[in-house]
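Below, chains carry the letters A, B, ... as their sequence lines are ordered, and counting in each starts from 1. Note: hydrogens, waters and symmetry copies are ignored here, and every other heavy atom, side chains too, is used.
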Number of protein chains: 2
Amino acid sequence: MGRVFSQSERLTDAMRSVFVELLVHGPMSRAEVARRLALSPSALTKVTKPFIETGYLREQLTGEGPSTVGRPSQPLQVDASRMSFVGIKLTADELYAVRTDLAATIQEETQRTLIDHDIDNVLGQIAQTVADLTEEDRPLSAVGISLAGTATPSDPVVHTSPFLGWSQLPLARLVEEAVAVPTVLDNDVRALTAVQQWFGEGVGHSSFALITVGAGIGCGMVIGDRLVTGRSGATGLVGHLAIDDRGPMCEQGHRGCARAYASSPAIRRSVATALDRPELTFDDCLAMARDETRDGHPVARRVLDEAGTALGQIVATVANITGPELVILSGEAVHMYEVCADAFQTALARHTHWTSTPVPVVVKPFAFNEWARGAAVTALQHLLLHR
Amino acid sequence: MGRVFSQSERLTDAMRSVFVELLVHGPMSRAEVARRLALSPSALTKVTKPFIETGYLREQLTGEGPSTVGRPSQPLQVDASRMSFVGIKLTADELYAVRTDLAATIQEETQRTLIDHDIDNVLGQIAQTVADLTEEDRPLSAVGISLAGTATPSDPVVHTSPFLGWSQLPLARLVEEAVAVPTVLDNDVRALTAVQQWFGEGVGHSSFALITVGAGIGCGMVIGDRLVTGRSGATGLVGHLAIDDRGPMCEQGHRGCARAYASSPAIRRSVATALDRPELTFDDCLAMARDETRDGHPVARRVLDEAGTALGQIVATVANITGPELVILSGEAVHMYEVCADAFQTALARHTHWTSTPVPVVVKPFAFNEWARGAAVTALQHLLLHR
DNA sequence: GTAAGTTCGTTCACTGTGTCAAGTAAATGA
DNA sequence: TCATTTACTTGACACAGTGAACGAACTTAC
């Protein structure tokens, strides 16, 4: 009992892939799994047995499915409650955390304001958060931490974090020592991409790109069923893509830079400045652009059209270069999409290479705890794939 | 004898990976291969034996290497002459072909002008070319065909070829029937990328991008040791990347388009038009820009600076998005690099995301038969990996 | 209501790939 | 000379996954 995922017992390739297949592609009969993974039926009996004995897999009550010929199948389902993960997203001044089960469903969440950026204090706050989220009788399987920057699970060191003021900090190891649970560190956008890959819109696609809009613009990619991790963790750096050379300017002094057009602070600033109304919020701007009575306020309308155009060009550029099956649009500010959909689609079509059809785009609503959930999924993936 | 690569005997994973390791990473001792592939030493004795017996691997005379402690190693080398491949590159009016050995060394080459685009005639010319290149006593192992477009080895159909006027043509199957040798079809840029991956600058890198300049601008990518094949074969479409919105125009009506700045016909046209000298060739333009006596002809100088700037921006964009370890610059017109290196490097640095360092760039001189060689390597890779 | 057909899942003997442990080979260095 | 180091080989063995035969549980045809 309980020895299947213990560190002593090593999973075979077949066991791992069968379990992941069932976790990601929902309840499925042994026969179905065997077909999808090109395994023999007998292998499935053998491989699933220990999982069922230890409770990680359960045989579903035979569903009242559409009756077919032959013996009805016996769907297998992962018991998501058998494991818990904590995911933590670090920002400059906050710490967002969630506890999820094996299916990445959020069970509990917290938030904490960082006292300061002193490492020991942050470690203390992380340890406290993990302790608070851990249930009495159910030990954590792994902890995931995500932040902006170039960390990767294989090089779990914060090399330089401008906003936290750290450099060369082996954060994963320090947290692991503090909480005594295996800990994985990864870039925040890549963590979000992992969520989409296993539990979101990316399921069933061997390649897709995730574009996030919010305080900045991010991009994560899955190519050939694998999450892309570039040279020293640097991938998807679309935030400063040159849209034109006359537009608004970003903090780095780039004229017509993507984030100067399409990030939520830039949008807010453009409208507020043009109207000399510094109190306007981002959502105010969206409301003004949406305003039906006069076809939208002209300033907000223009700014959002330009934002949509920039986003469309970003998506087209990423799609032209990497050729994903799908692009997922998400992030704290995705709800701006409905206000600039026309401009977006026009720009997407315009910048898509003429020999291709525009890539399918899915808009994925964003909840504020998705970042932390991403960290949890990173931990989960790491545990299931690399242990 | 000779049964190792016969279609009846299937290679095990270990055999395949050992053979490819030795082919790609040069002569190596068994012990070294074992370490690199995480296999046991005994596995290497066992796996190597049939290859040596059949002559695909040879034990090298113990090299006079720097003497070390312990028993000297016995380097193993692939006998490249044991297999032959024919690679064919199709363009609108020519057919370029080479025969290579297992190490992708060109043994013989031909060129043929296409009579017309009638499929039977083209098939006839291909069959004749293959027959001409085949040696009496050494049968071909595979034939590779490459052309511009969206074909891939897994979907070996020419869906639409604007310049050849074909659509939905199962070219690989037809050629295979005509020449009675396994045939692989792939996109031309991806084929070139395959050459770099196994026999060029990409060796030893798990990710890199290849940017080609010539009649157009192409881009092939290896990510996580795998050649990227996008949605229906469409990847690396950087030719129409928007550089600015005021520059020269391409055939698709894009202002400031990458190929309107940096393709060799566009460069030639810009200089020729500005000077009203239609007879100027591309190489004339390079010579004028290089002209030491007056720091280069001002028109040619300016056009090439702008071309270099565009190229730098393309490379930076690709690198920002996919994060390759290396970028290889090649194509029929790469020799223009030396004339615009400064502008290129400036633009590369300028457009590289500020959190990264510019990606290392290698310039790879190009011979006209590299395209056909690429086709041969595609066939070779397919034979070794997917059989 | 029975038989035939179909698909799902299990059992058990077996194949075959790669490992482990032990031993041999060939050099250096003291 | 002998210890030490590294390379390679050999043969017994472990064990993951397969194949074939079989039992289970349903639908459909007559």
Reading nucleotides 14-24 of chain D from 5' to 3' and marking B where a protein heavy atom lies under 4.0 Å of the base, S where only the sugar-phosphate is that close, and - otherwise, the string is --SBBB---BB
Taken to the nearest whole Å, CG/L44(B) to C1'/dA7(D) is 12 Å
Applying salt bridge (Lys or Arg N to Asp or Glu O under 4.0 Å) to K46(B) and not counting sequence neighbours gives none
Test: E177(A) and R173(A) ion pair at under 4.0 Å = yes
Residue set satisfying ring pair (Phe, Tyr, Trp, His ring centres under 6.0 Å) with H382(B), at least two apart, ordered chain then number -> H386(B)
Residues pairing under ring-ring contact (aromatic ring centres under 6.0 Å, His included) where one sits in residues 31-50 of chain B, two or more places apart or in two chains, turn out to be none
Contacts satisfying salt bridge (Lys or Arg N to Asp or Glu O under 4.0 Å) that involve residues 137-146 of chain A (not counting sequence neighbours) are none
A31(A) meets the side chain to side chain contact (heavy atoms under 4.5 Å, CB included) criterion, sequence neighbours left out, with S29(A), R35(A)
Contacts of F51(B) meeting ring pair (Phe, Tyr, Trp, His ring centres under 6.0 Å) (sequence neighbours excluded), chain-then-number -> F5(B), F19(B)
Chain B reaches DNA chain C, atoms under 4.0 Å from its heavy atoms, from dT17(C) to dT28(C)
So, with a heavy-atom separation below 4.0 Å from DNA chain C, the residues of residues 20-30 of chain A are S29(A), R30(A)
So the salt bridge (Lys or Arg N to Asp or Glu O under 4.0 Å) pairs with at least one residue in residues 375-385 of chain B (sequence neighbours excluded) are none
Sequence neighbours excluded, the answer for salt bridge (Lys or Arg N to Asp or Glu O under 4.0 Å) partners of R58(A) is D79(A)
By side-chain hydrogen bond (donor to acceptor under 3.5 Å, both in side chains), D155(A) pairs with (sequence neighbours left out) H159(A)
